[in-house]
Amino acid sequence: KDLPTSGEELRALKIAALVRARPTLEASRGKKDGFVDPGLYMKLRADFVEAIGSSDEFDEVFSPLLNPKDRIRLGVGQKLI
């Protein structure tokens, strides 16, 4: 699959992907802890990476919805220095 080439095309694709992911993630929130399903998060994140080429924006927007323990376990939202 070809990644978008123009900055405008990439921006539009990112926005559309983030808008589509939010309701699915929100629907997966646990009744007890209020955090989203980590398996679903990783699937949607992988779909985002396939379409966009990077997980940075996805993690920036949605990683706070993950349980902090899952964030650490999955290595989400942690930049390597």
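Values in this document were obtained by computation on a predicted structure and should not be read as measured data. Side chains included, hydrogens not; waters and symmetry mates left out as well; all remaining heavy atoms used.
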Which heavy-atom pair separates A21 from F62 by the least distance, and what is that distance? CB-CE1, 3.9 Å

For a quick test of reading the model, state the closest non-hydrogen atom pair linking P38 to L66 and the distance between them. CA-CD2, 3.8 Å

Just verifying a value: how many Å separate F35 CZ and K69 NZ, rounded to the nearest 0.5 Å? 10.0 Å

Working to the nearest 0.5 angstrom, can you tell me the gap between S63 OG and L74 CG? 11.0 Å

Not counting sequence neighbours, list each pair that qualifies as a salt bridge (Lys or Arg N to Asp or Glu O under 4.0 Å) and has a residue in residues 32-45. K43-D47, R45-D59

Exactly one of V49, V76, I52, L44 clears side chain to side chain contact (heavy atoms under 4.5 Å, CB included) with F58, and that residue is L44

Under the salt bridge (charged side-chain N to carboxylate O under 4.0 Å, His left out) test, residues paired with E26 that sit two or more places apart: R22, R29

pair K14-F48: side-chain heavy atoms closer than 4.5 Å: yes

Say whether V36 and L40 are linked into one hydrophobic cluster, either directly or through other cluster members, by side-chain heavy-atom distances under 4.5 angstrom. yes

